[in-house]
Amino acid sequence: MQYEAVIGLEIHAQLLTDTKIFCGCSTEFGSEPNTQTCPVCTGMPGVLPVMNRKAVEYVVRTGIALNCEISSHSRFARKNYFYPDLPKGYQISQFELPLCEGGYVEIPGNGSNRRISLTRIHLEEDAGKNIHVGTTRFREGSASDSFVDLNRAGVPLMEIVSEPEIRTAKQATDFMKKLRTIVRYINVSDGNMEQGSLRCDANVSVRPEGMKELGVKTEIKNMNSFRFIEKALEYEIKRQVKVLQEGGRVVQETRLWNTEKGITESMRSKEEAHDYRYFPDPDLVPIEFDTSWIDEIRTHMTELPDVKKKRFMNEWDISEQDAELLASERSTAEWFEETVKLGADPKAACNWIKGDFMKLLHEDNIQISESRIKPLNLVEMLGLIDKGTISGKIAKTVFEEMYKTGKKAGIIVEEKGLLQMSDESGIESIIDDILADNSDAVEKFKAGENKLMGFFVGQVMKETKGKANPKIVNEILRKKLGR
Ligand code: ADP
Ligand code: MG
Ligand code: ZN
């Protein structure tokens with residue numbers, strides 16, 4: 001029997017506000033434990049949370065970008081459970097009235113895009129972090145000391161929940177990548193997965209191909225890398241199919257991805273899982289705003305990646321694959337657009353960005369905006385190639401030097417003596433020497449071995465350190481060799 005996987009994702013994205021969701025504490029990452037806390041976010045009794053307006057705005061912005069229905073009447077609920085990193089004994093979240101409902105994300109499909117529907121987006125607070133250290137002789141694998149860092153408690157999160165419309169591990173990572181691109185574009189989250197600003201719980205079930213009802217699902221918690229998500233889902237789908245094929249039943253449970261072993265492991269079964277006793281938070285008034293506020297946010301939205309991509313293809317004749325690459329990071333897309341605005345040929349600029357430039361940026365693990373090369377530098381260098389001042393080959397050296405030093409192309413060419421050699425008599429005398437030194441090859445060429453042309457050109461380039469104008473070299477060689 002053929003089985004089909006069904007996947008729904010719950011994604012948490014940390015919002016880029018400077019302060020926490022219900023107090024003025026900083027949200028900066030990596031500070032000393034418990035230095036960014038106050039009575040509100042440490043859950044002291046008798047203090048009142050105050051809503052951070054920016055956090056609401058960021059979720060509304062996301063709702064607009066993801067085509068959701070945005071509710072101008074939503075409210076917070078208490079989600080009650082005990083955990084040492086949650087001093088209040090409840091998390092403030094949204095339950096029956098979330099900020100956004102519906103909407104979709106487009107991911108690449110066969111030929112055309114595939115739409116994955118969203119269930120909802122809601123706003124909530126993050127919990128703190130437990131840190132377990134040392135070993136104890138009482139029980140293997142247990143720690144001798146446990147600490148709680150509450151710097152993260154009360155940091156604003158939005159949770160984006162998808163419908164169970166994803167069918168493969170690859171689609172799940174495509175979905176996640178697209179979401180990351182979008183939240184970064186609209187500046188609501190930095191999408192930093194290593195720091196946990198973007199993380200994902202994956203719900204997965206399998207069912208016989210063609211069956212309508214959903215199978216029993218498991219939930220793989222808290223994954224923060226595309227590679228882990230894909231691997232964990234591939235593993236979990238295979239595991240469930242095997243269980244069914246052997247006549248067993250999948251148990252509804254929460255599982256964790258074990259990176260070292262490359263398997264998912266049971267963490268807790270759903271039976272012992274919770275009834276959260278949600279109820280409206282009496283400390284917070286409902287979130288209400290005029291719908292004109294949504295329109296105002298909409299008018300200030302940046303162009304989204306899919307729109308940019310189409311524009312690059314239609315206006316500048318960039319291939320779909322290249323347009324996708326250029327549009328996938330806002331800083332890259334804007335850098336590219338700037339070069340074109342300054343007069344670069346779009347295709348030439350694209351080729352330099354996706355080739356030499358991305359390689360260098362990748363090696364240094366930096367964004368294009370952090371590079372010493374500015375759009376105008378590339379435009380000037382392309383101009384030197386067009387005018388024949390430097391060859392395409394020399395340009396590679398110039399580009400690397402621009403990358404290292406931030407100097408202008410013209411200055412590098414002058415300082416390093418990289419001017420293209422276009423003086424015909426000079427090139428001719430070099431060619432004469434080469435032909436004289438390689439009379440065997442000349443004979444063979446005349447006897448019909450055409451591919452030796454490449455050899456001669458190569459020799460000239462070697463002799464001139466790549467500076468000879470290739471067009472002139474070819475012309476003179478043809479003339480001398482009688483072609
Ligand atoms: P829970 O109450 O267990 O959290 P929800 O109904 O809220 O479950 O759904 C959580 C996520 O699980 C959603 O993304 C949803 O699309 C997905 N989901 C629900 N049922 C299934 C299923 N049978 N198989 C795969 N995913 C599912
Ligand atoms: Mg869930
Ligand atoms: Zn605080």
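Since the structure is predicted, the reported quantities are computational estimates derived from the model, not experimental observations. Every number for a ligand or one of its atoms is a count from 1 in the order of the listing.
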Phe336 and Trp316: aromatic ring centres closer than 6.0 Å?
-> yes
Report yes or no: is the cationic atom of Lys79 (NZ for Lys, CZ for Arg) closer than 6.0 Å to the six-membered ring centre of Phe95, at no more than 45° off its axis?
-> no
In ligand 1, which numbered atoms sit nearer than 4.0 Å to a non-hydrogen atom of Val6?
-> 24 (N), 25 (C)
Counting distance only, does the side-chain N/O of Lys408 pair as donor-acceptor with the main-chain N or O of Leu376 below 3.5 Å?
-> no
Proximity of Asn203 to ligand 1 by residue part, where a heavy atom lies under 4.0 Å = both
Which angle, to 10 degrees, forms at the Zn ion (ligand 3) with SG of Cys23 on one side and SG of Cys38 on the other?
-> 110°
Within the 4.0 Å heavy-atom cut-off, what Leu9 brings close to ligand 1 is backbone
Contact atoms of ligand 1, heavy-atom distance to Val161 under 4.0 Å | 13 (C), 14 (O)
Could you walk me through whether Ser117 and Glu165 pass the side-chain hydrogen bond (donor to acceptor under 3.5 Å, both in side chains) test, one step at a time?
-> CA-CA 7 Å; Ser117 311; Glu165 293 180 357; 2.9 Å; yes
Pair Phe399 and Phe357, ring centroids less than 6.0 Å apart = yes
How long is the span from the CZ atom in Arg199 to the CE atom in Met176, to the nearest 0.5 Å?
-> 10.0 Å
What distance separates Ile287 CD1 from Leu123 CG, expressed to the nearest 0.5 Å?
-> 6.0 Å
Shortest heavy-atom approach to atom 13 (C) of ligand 1 - which of Ala202, Ser162, Ser205 | Ser162
Does Glu10 approach ligand 1 within less than 4.0 angstrom via side chain, backbone, both or neither, non-hydrogen atoms only?
-> side chain
Atoms of ligand 1 under 4.0 Å from any heavy atom of Gly215, numbered from 1 in the order shown, are 23 (N)
So is Glu219 polar-close to ligand 1, meaning N/O to N/O under 3.5 Å?
-> no
Kindly state whether the ring of Tyr81 and the ring of Tyr90 have centres lying under 6.0 angstrom apart.
-> no
Taking only non-hydrogen atoms of Gly8 and a 4.0 Å limit, the atoms of ligand 1 in range are 14 (O), 16 (O), 17 (C), 26 (N)
Close-contact set for ligand 1 against Pro164 heavy atoms, below 4.0 Å = 16 (O), 26 (N), 27 (C)
